[in-house]
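Worksheet: one structure, shown below.
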Amino acid sequence: MQKETRYCLYCNEALQGRSDKQFCNAYCKSAYHNNKPNAAEAYIRKINKQLRTNRSALRTACPLGKATVRKDFLSKLGMDFTHYTHTWKSSKDNLYYFCYDYGYLHLEDSEKVLIIQQQNYMKREE
Ligand SMILES: [Zn+2]
């Protein structure tokens with residue numbers, strides 16, 4: 001009976017010994033499982049990608065630190081307004097939504113948002 005050569009699922013080395021072995025050792029086994037993409041990781045990566053896209057859209061629309069732009073302009077750049085990293089409330093009680101270091105405020109009277117770059121004083125909790 002000819003024995004079929006099996007290979008480690010992680011490093012692709014030929015395996016010795018038991019025919020049901022999948023890995024050369026415990027290191028390869030854990031490395032394989034740690035690198036295996038799973039649904040939760042894929043979801044986190046997708047959100048991170050959206051947040052980066054949002055940040056990039058805000059940066060593109062606001063090259064000089066402050067700008068008022070139409071929401072549909074940001075949408076065309078890939079912006080998704082339901083994703084943000086944190087919020088900040090100004091002393092005037094305006095709630096800004098941030099994507100990393102760029103934030104925006106929904107303006108009540110229009111289809112526009114006010115975009116700002118984060119300043120050091122905004123990082124304080126109170
Ligand atoms: Zn291996």
Side-chain angles (χ1 to χ4, degrees):
M1 195 170 96
Q2 201 174 353
K3 211 173 125 189
E4 199 185 320
T5 309
R6 296 174 61 88
Y7 299 91
C8 173
L9 290 179
Y10 182 68
C11 71
N12 225 24
E13 284 290 316
L15 293 171
Q16 320 285 332
R18 275 186 5 238
S19 65
D20 62 339
K21 261 177 89 171
Q22 292 184 298
F23 303 97
C24 2
N25 52 39
Y27 169 79
C28 282
K29 188 179 180 177
S30 82
Y32 175 80
H33 287 295
N34 289 339
N35 289 317
K36 207 169 149 184
N38 62 53
E41 276 302 321
Y43 179 68
I44 290 166
R45 268 199 293 274
K46 193 178 152 208
I47 300 289
N48 286 347
K49 195 178 165 206
Q50 183 60 58
L51 288 168
R52 284 178 173 277
T53 301
N54 284 1
R55 193 254 179 202
S56 150
L58 292 167
R59 185 166 179 269
T60 301
C62 178
L64 297 171
K66 200 168 190 177
T68 302
V69 300
R70 295 182 60 85
K71 287 176 192 172
D72 57 9
F73 176 70
L74 289 169
S75 297
K76 277 182 195 136
L77 295 171
M79 180 91 185
D80 175 349
F81 290 95
T82 63
H83 291 81
Y84 49 89
T85 56
H86 60 290
T87 58
W88 174 74
K89 199 177 260 188
S90 74
S91 55
K92 290 175 189 163
D93 240 20
N94 289 323
L95 189 62
Y96 286 82
Y97 294 89
F98 276 85
C99 297
Y100 305 102
D101 53 339
Y102 281 85
Y104 59 90
L105 172 70
H106 289 282
L107 299 173
E108 280 172 27
D109 57 343
S110 69
E111 292 293 298
K112 292 174 180 176
V113 289
L114 173 66
I115 303 172
I116 56 168
Q117 256 187 296
Q118 182 158 270
Q119 307 298 321
N120 282 331
Y121 67 85
M122 295 174 184
K123 289 171 188 164
R124 286 201 294 262
E125 289 298 294
E126 288 158 300

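Just the heavy atoms: all of them, side chains too, but no hydrogens, waters or symmetry mates, feed the values below. Note that ligands are numbered from 1 as they come in the structure, with each ligand's atoms numbered from 1 the same way. We count residues from 1, following the sequence as given.
Around the Zn ion (ligand 1), protein N, O or S atoms at less than 2.8 Å comprise Cys8 SG, Cys11 SG, Cys24 SG, Cys28 SG.
Checked options Gln118, Arg55, Gln119; the residue passing with Asp101 is Arg55 (criterion: side chain to side chain donor-acceptor pair (under 3.5 Å)).
Partners of Tyr84 by ring-ring contact (aromatic ring centres under 6.0 Å, His included), not counting sequence neighbours, listed by chain and number: Tyr97. Every residue meeting the ring-ring contact (aromatic ring centres under 6.0 Å, His included) condition with Phe98, not counting sequence neighbours, appears here in chain and number order: His86.
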Quiz: residues 74-82 side-chain donor-acceptor pairs under 3.5 angstrom, not counting sequence neighbours:
| unit_1 | atom_1 | unit_2 | atom_2 | d |
| --- | --- | --- | --- | --- |
| Ser75 | OG | Lys71 | O | 3.2 |
| Asp80 | OD1 | Thr82 | N | 2.9 |
| Asp80 | OD1 | Thr82 | OG1 | 2.7 |
| Asp80 | OD2 | Thr82 | OG1 | 3.4 |
| Asp80 | OD2 | His83 | ND1 | 3.0 |

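Looking at every heavy atom in both residues, Cys8 comes nearest to Phe23 through SG-CA, 3.8 Å.
Crowding of Arg59 atom CZ: a count of heavy atoms from other residues, nucleotides or ligands under 6.0 Å not exceeding 12.
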